[in-house]
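Only one structure is covered here, and it is reproduced in the block below.
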Amino acid sequence: MVRVRFAPSPTGLPHVGNIRTALFCWLFARHHNGSFILRVEDTDRERYRPEALDAIMSGLRWLGLDWDEGPQVGGDYAPYFQSQRLEIYHKYARKLVESGSAYYCNCSPERLDKIRNQRLQNGLPPMYDRNCRDKKIESDPTDTDTVIRFKMPLFGKTCFTDELRGEICFENSTFDDIVLIKSDGYPTYHFAVVVDDYLMKISHIMRAEEWIPSAGKHILIYDALGWEAPKFVHLPMILGPDRSKLSKRHGATAITEFEQQGILPEAMFNFLSLLGWSPKDDTEIMNKEELISRFDIDGINTAASVFDFDKLRWMNGEYIRRMTPKQLTARLKPYYEKWGWCTADNPCDDEYLDKVSQAMQERLKVFTDMKELGYYFFTEPTEYDPKGVKKNFKPEVADWLNELANRFDSLSEWDKPNLEQQTRDFANEMDVGAGKVIHPIRLAVSGLRMGPGLFELLEIVGKEKVIARLKRAANWIRENIN
RNA sequence: GGCGGUAUCGUCUAGCCCGGUAAGGACAUAGCCCUCUCAAGGCUAAGACACGGGUUCAAAUCCCGUUACCGCUACCA
């Protein structure tokens, strides 16, 4: 039975790197019909942020990563908050002290600081000097004057098999006597993760590769407790464009920001799955079901990968293009409301919005592109693209636009064919190419030099508005161009 | 410093285990086609086996060394 957990620490906004790890865990669990467990590692009271957990959970939900056990859903191994499992850690910590595998230590943080600096100055690894190791201090996990440290073997080697990288070994002498229980009674990560993974019957520890160095220490703790360790899978990291660990300074890295920027969860899911994993053929666009059936450990890469925002945008565009106009409208609507485009005096009936969706669909990479590329379907252009003005707003164009406004006004039917016929006829009469007329109209109605086919655009924007905008542009030209 | 991990186009990657490919795909870039513009689409171009030694008829692939990059080195996770 595959049981994997995602164990975030609620210290801040959920980072894409962590979320990608969660996604791999989830895919692995779903592929093997196993369980995906969410466990909250809230043992650091200093960095704890109460709002972080909500952000993490909504990030997971946004992507569709549902958990079988954990906060809000419970489970057979509750509680899933480490802060609620203190007695459990204390119990096993006492056991370790009794068996001689751990010891109480009353060294002050000041002293620890001092020896660390000394050793650093002498070019030595900044390890604890094991001052209390053999003092046999009597205390209790709850005592705030002491911590519990693990008695690391002084020599020998500890090895473990990483499912991706093979055997990895460490010299025991390089391990510090790490703290298991802090003076505040909370366990450190190293201890809590071992106890919980074992007690919760985790089959595979899937976590980022930055944990490789501590895996050896964890193995030793498992041994001391007489437990068999789960399998280890250390996932490659995600890097920023400068190849350092992806972080805030690389721009949008919190999962919530992608949502705000108009990225589809489906696209994000697909994109993230391909960051560090490959289906081995050239398939790139895959839905959740395909991903579940194809994902497995052997496709996971060992090298870290750079997060390429451009490729995400491309993939998002792929997903946008695959939607029906109605589906696109549904996704776009919240943004329209946010931008104040859907109000009483603006046409926001679904039929209209669907037409806009259809016209704009293949021009959008992210939803927020709509704000610059399609605003004219909702609000009057207040300025005209300067390059377009220079190219298309010649003095004589003012008359053309007025004339066009009149002719459009008398159109029997406001539709694409009629608009096109009328426009081309006019160009012929003026003895110019159709483009010479089309471009000024586009600029007058949309303010832009780019967009959907002009006649489709005109049909959608509607008779009244088009005519008003043509006249308005004509006046603008008279006032500004000579 | 110590310990560990990693190394194929700018980026994501296939190929490596089981030596023989014109080293394949995608994003981005450039050009062309399509065209009322922008997209989308189609075609084309440019672009990589970190380096040095072996082994072999033959090495991206196997062996050794070097280099570079990244991570860890807390009473943080």
Side-chain angles (χ1 to χ4, degrees), chain A residues 7-11 18 41-44 46-47 105 107-109 112-113 116 119-120 122-128 144 146-149 162 165 168-171 173-176 178-190 192-193 207-216 234 236-237 239 241 243-245 271 274-285 301-315 317 321 360-365 369 373 388 392 420 423-424 427 433-439 441-443 446 448-455 457:
Chain A
S9 182
T11 55
N18 296 132
E41 311 229 326
D42 53 350
T43 55
D44 184 346
E46 307 234 325
R47 296 198 306 152
C105 171
C107 291
S108 68
L112 260 22
D113 248 23
R116 185 174 306 122
R119 294 185 58 111
L120 235 31
N122 296 329
L124 293 165
M127 290 167 76
Y128 173 56
T144 54
T146 55
V147 301
I148 296 180
R149 285 183 182 274
D162 184 275
R165 301 157 206 266
I168 298 175
C169 296
F170 305 91
E171 214 59 61
S173 60
T174 63
F175 288 147
D176 208 345
I178 54 170
V179 171
L180 264 23
I181 302 288
K182 300 183 258 187
S183 57
D184 63 5
Y186 281 70
T188 57
Y189 167 80
H190 297 298
V193 76
R207 57 178 16 163
E209 66 174 301
E210 65 217 59
W211 295 105
I212 291 176
S214 41
H234 287 99
M237 293 197 307
L239 274 23
R243 301 212 131 260
S244 69
K245 200 167 158 180
F271 176 75
L274 256 19
L275 215 54
W277 173 78
S278 161
K280 306 275 186 185
D281 60 19
D282 294 334
T283 319
E284 299 225 81
I285 306 293
N301 208 165
T302 46
S305 43
V306 174
F307 189 90
D308 183 0
F309 195 75
D310 273 337
K311 188 155 184 176
L312 206 210
R313 284 175 55 84
W314 162 77
M315 189 169 278
R321 268 173 260 129
M360 295 302 293
Q361 190 155 19
E362 62 193 25
R363 276 160 260 264
L364 303 177
K365 285 224 163 31
D369 284 346
L373 302 181
N392 299 310
E420 177 153 14
T423 304
R424 292 195 186 275
K436 282 271 183 287
V437 181
I438 287 172
H439 297 309
I441 299 176
R442 173 187 299 284
L443 189 62
S446 74
L448 303 177
R449 295 192 301 152
M450 54 198 186
L454 179 71
F455 307 109
L457 186 158

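Quick note on labels: first sequence line is chain A, next is B, and so on, each numbered from 1.
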Please write out each protein N/O paired with an N/O of nucleotides 66-68 of chain B under 3.5 Å, distance rounded to 0.1 Å.
none

Going 5' to 3' through nucleotides 19-27 of chain B, assign each nucleotide B (protein heavy atom under 4.0 Å from a base atom), S (under 4.0 Å only from sugar-phosphate atoms) or - (no protein heavy atom that close).
-----BSBB
Rounded to whole Å, how long is the line connecting atom [atom1] of [X] with atom [atom2] of [N]?
{"X": "A:M315", "N": "B:C12", "atom1": "CE", "atom2": "C1'", "answer": "9 Å"}
{"X": "A:I285", "N": "B:U13", "atom1": "CD1", "atom2": "P", "answer": "16 Å"}
{"X": "A:L274", "N": "B:A14", "atom1": "CG", "atom2": "C1'", "answer": "12 Å"}
{"X": "A:L457", "N": "B:C38", "atom1": "CG", "atom2": "P", "answer": "15 Å"}
{"X": "A:D369", "N": "B:A40", "atom1": "CG", "atom2": "P", "answer": "11 Å"}
{"X": "A:Y186", "N": "B:A74", "atom1": "OH", "atom2": "C1'", "answer": "19 Å"}

Qualifying residues under side-chain contact (heavy atoms from CB on, under 4.5 Å), relative to A:V179, sequence neighbours excluded:
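A:V179 satisfies side-chain contact (heavy atoms from CB on, under 4.5 Å) with A:V147, A:R149, A:K182, A:T188 once adjacent residues are dropped.
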What N/O pairs connect the protein and nucleotides 49-51 of chain B at under 3.5 Å? Give each pair on its own line.
none

Verify, without hydrogens or angle tests, whether A:R243 (side chain) and A:V306 (backbone) share a donor-acceptor contact under 3.5 angstrom.
no
Just by modelled atom types, is the A:L448 backbone N or O under 3.5 Å from a matching donor or acceptor in the A:S446 side chain?
yes
Report yes if at least one side-chain N or O of [X] is closer than 4.0 Å to OP1 or OP2 of [N]; otherwise report no.
{"X": "A:R424", "N": "B:C36", "answer": "yes"}
{"X": "A:R321", "N": "B:G41", "answer": "yes"}
{"X": "A:S305", "N": "B:U11", "answer": "no"}

Out of B:G71, B:C38, B:G1, minimum distance to the side chain of A:R363 belongs to B:C38
Are A:F271 and A:F307 an aromatic pair by the rule of ring centers under 6.0 Å?
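Ring centres of A:F307 and A:F271 closer than 6.0 Å.
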Which atom pairs link the protein and nucleotides 75-77 of chain B when you take only N or O atoms and keep those under 3.5 Å?
residue	atom	partner	partner atom	Å
B:C75	OP1	A:R116	NH2	3.2
B:C75	O2	A:S183	N	2.7
B:C75	O2	A:S183	OG	2.7
B:C75	N3	A:S183	OG	3.1
B:C75	N4	A:C107	O	3.2
B:C76	OP2	A:K182	NZ	3.3
B:C76	O2'	A:D44	OD2	2.5
B:C76	O2'	A:R47	NE	3.4
B:C76	O2'	A:R47	NH2	3.1
B:C76	O2	A:R47	NH2	3.2
B:A77	OP1	A:T43	OG1	2.9
B:A77	OP1	A:K182	NZ	2.8
B:A77	OP2	A:Y189	N	3.0
B:A77	O3'	A:E41	OE1	3.3

Please write out the pairs of protein N or O atoms and N or O atoms of nucleotides 5-8 of chain B separated by less than 3.5 Å, giving the distance to one decimal.
residue	atom	partner	partner atom	Å
B:G5	O2'	A:R165	NH1	3.0
B:G5	O2'	A:E209	OE1	3.4

Which class fits the ring pair A:H190 and A:W211: parallel under 30°, tilted 30 to 60°, perpendicular over 60°?
perpendicular
